[in-house]
Amino acid sequence: MAKKNETAIRPTRAENYPEWYQQVIRASDMAELSPVRGCMVIKPWGYALWENMVRALDDMFKATGVKNAYFPLFIPISFLEKEAGHVEGFAKECAVVTHHKLEKDKDNRLVPAGKLNEPLIVRPTSETIIGDAFARWIKSYRDLPMLINQWANVVRWEMRTRIFLRTSEFLWQEGHTVHATKKEAIDRTYMMLDVYKKMAEEYLAIPVITGEKTAAEKFPGAEITTCIEAMMQDRKALQAGTSHFLGQNFAKASEIRFQSAMETEEYCWTTSWGVSTRLIGGIIMTHSDDNGIILPPRVASAHVVLLPILKKNETNETVMEYTRSVAEALRKKTYHHGPVRVEIDDRNIGGARNWEWIKKGVPLRVEIGPKDMDADSVYVSRRDRDRKDSFAIQKDSFAEHICDLLDEIQDGLYQKALAFLKENTRNIDDLDEFNKFFTPESSGKPEIHGGFAISHWCGSADCELAIKERLNVTIRCIPFDREKEDGQCIHCGSHSEGRVVFAKSY
RNA sequence: CGGGACGUGGCUCAGUCUGGAAGAGCACAGCGUUCGGGACGCUGGGGUCGCAGGUUCAAAUCCUGCCGUCCCGACCA
């Protein structure tokens, strides 16, 4: 009966949010830090989640005509040099390969040898190397549009890393498209942002705000950067995905040209767009509670875990048989285009087993013992409800309704996150109120505070910078759905045509 | 890269000030009793005390340097 902790995760969110985040990941067994600075090992439970996300995204990309390809990890430095904004943005955080072998020195230690003529960088993103390929592939308007995506790892040598949210190496997809007209490229930019919005809201149950980045926050080399922004439980913003209209900047840098129907030679218009393993950090910080992560069913590593109650007697084998028959029945059910994912955990380790699955965030836990077997039922607990709020249900009925149950959990997670977003988003027109909104009451150990302030902004980069320097608050985006409204800039008081989203961010 | 905190079995930490046999709880393994329970008992495995130098008869402990982690900045998906 000894209840050691009231919560499975310590500290709680309220006590120490960043530490809580680390502990949730440890307790969920999704990933761990590696011996390599800033890099992570994604463990099977975390990778299964990523695979489900990849599958869903990949299907959506392909439905819009995108095809997958793969480009090199190494990029000649000269390629990066081709686009000025790009150099500015990425040069400071590139891993550089300068040698191609190791030799033993006099102390028998391995040291780099065989210096490369031209150093290579490990891709921080692939616009330039893919641009080089596009320049060779594209001759005529008949080759367009070219719609390519790659699933890859990239490296950005970050100053400060946080597992899943910002690691030196991370997994992502980068889409790169080439178009004959500006309009078509812009349309594609927005189309892919819509895919991301759909992914976030319908699959991850994370409500997002869509909008355009300011000049200061744009992708290096882009004309327009669009984004989805989500609110985490500490009320900070997380940029969960971006889609860029690159104009002709990269086309000119990489000489991506085509011959038009009118026989003129023209530069192409390109886009790029990406989401990464950062989304997993977003899931954690959107849905977890003080007992650990809660996985949204549509992408959950498993939907349901079966926990046979084994005693030291002759019923064990029949309980196991019954459990396997439940698993079989569940696996025959189709949940959003795939079979229901079932785990069986028959370890006899007491109540710790149940808690492990709570911390892993599996949507449904099902206990199966002799009593259930006799009643032809199972005993179900939902991860989104209190753990004592469990119920018995007929085995057949459970199999029949499991998909509805999963959808109900999925929808509940989304509605809860949406309510939180709304609760902590508000129009602010008064500078004092704005300052107060973004200033913690305790400076030594800042409590969770702030949120999204929807305020007027005159459009000046100076005002944007001043706010950032003073409060560490940035413009997350200029929302697409903002209304035209005359107002006064929250910082300088001069005329503004509409509101933007201010927040602290990851 | 600046400021702060911290590195002791897998995890959380005590021991460091004041140098003198590496510890606890949890986790793990075995056996037993329990068990629709984050159970209990007994037994057991596991640590060159972040790394490298130095001081000393003696270093987890003192000194120097380095590495790593976390927090706050600057930078960013």
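Numbers restart at 1 for each chain; the letters A, B, ... are given by sequence-line order, proteins then strands.
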Write down the distance separating the [atom1] atoms in [N] and [M], rounded off to the nearest Å.
N	M	atom1	value
B:C26	B:A21	P	26 Å
B:C40	B:A59	C1'	41 Å
B:G10	B:G46	C1'	10 Å
B:G3	B:C17	C1'	25 Å
B:G68	B:A29	P	34 Å

Residues forming a salt bridge (Lys or Arg N to Asp or Glu O under 4.0 Å) with [X], sequence neighbours excluded:
X	answer
A:E217	A:R476
A:R13	A:D290
A:D132	A:R136
A:K504	none

Applying a 3.5 Å limit to both distances, which nucleotide forms a Watson-Crick or G-U wobble pair with [N]?
N	answer
B:U61	none
B:A14	none
B:G46	none

Check whether any side-chain N or O of [X] sits under 4.0 Å from OP1 or OP2 of [N], and answer yes or no.
X	N	answer
A:R353	B:G38	no
A:K311	B:G36	yes
A:R278	B:C76	no
A:N472	B:A74	yes
A:R162	B:C71	yes
A:K213	B:C76	no

Is the closest basic N to carboxylate O distance between A:R324 and A:E317 below 4.0 Å?
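Answer for the salt bridge query: yes.
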Which part of the nucleic acid does [X] contact within heavy-atom distance under 4.0 Å: base, sugar-phosphate only, or nothing?
X	value
A:S276	base
A:G281	nothing
A:E367	base
A:K371	base
A:P35	nothing

Between the side chains of A:K360 and A:S301, is a donor N or O closer than 3.5 angstrom to an acceptor N or O?
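Judged by distance alone, the side chains do not pair up.
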Establish, from distance only, whether the side-chain atoms of A:T189 and A:S243 form a donor-acceptor pair under 3.5 Å.
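A:S243 and A:T189 do not have a side-chain donor-acceptor pair below 3.5 Å.
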Where along residues 163-176 of chain A does a heavy atom fall under 4.0 Å from RNA chain B?
A:L165, A:R166, A:T167, A:F170
Donor-acceptor contacts under 3.5 Å from residues 33-43 of chain A side chains, at least two apart:
from: A:S34; atom 1: OG; to: A:V36; atom 2: N; distance (Å): 3.0
from: A:S34; atom 1: OG; to: A:V36; atom 2: O; distance (Å): 3.1
from: A:S34; atom 1: OG; to: A:C39; atom 2: O; distance (Å): 3.1
from: A:R37; atom 1: NH2; to: A:E158; atom 2: O; distance (Å): 3.2
from: A:R37; atom 1: NH2; to: A:M159; atom 2: O; distance (Å): 3.1
from: A:K43; atom 1: NZ; to: A:D29; atom 2: OD1; distance (Å): 2.6

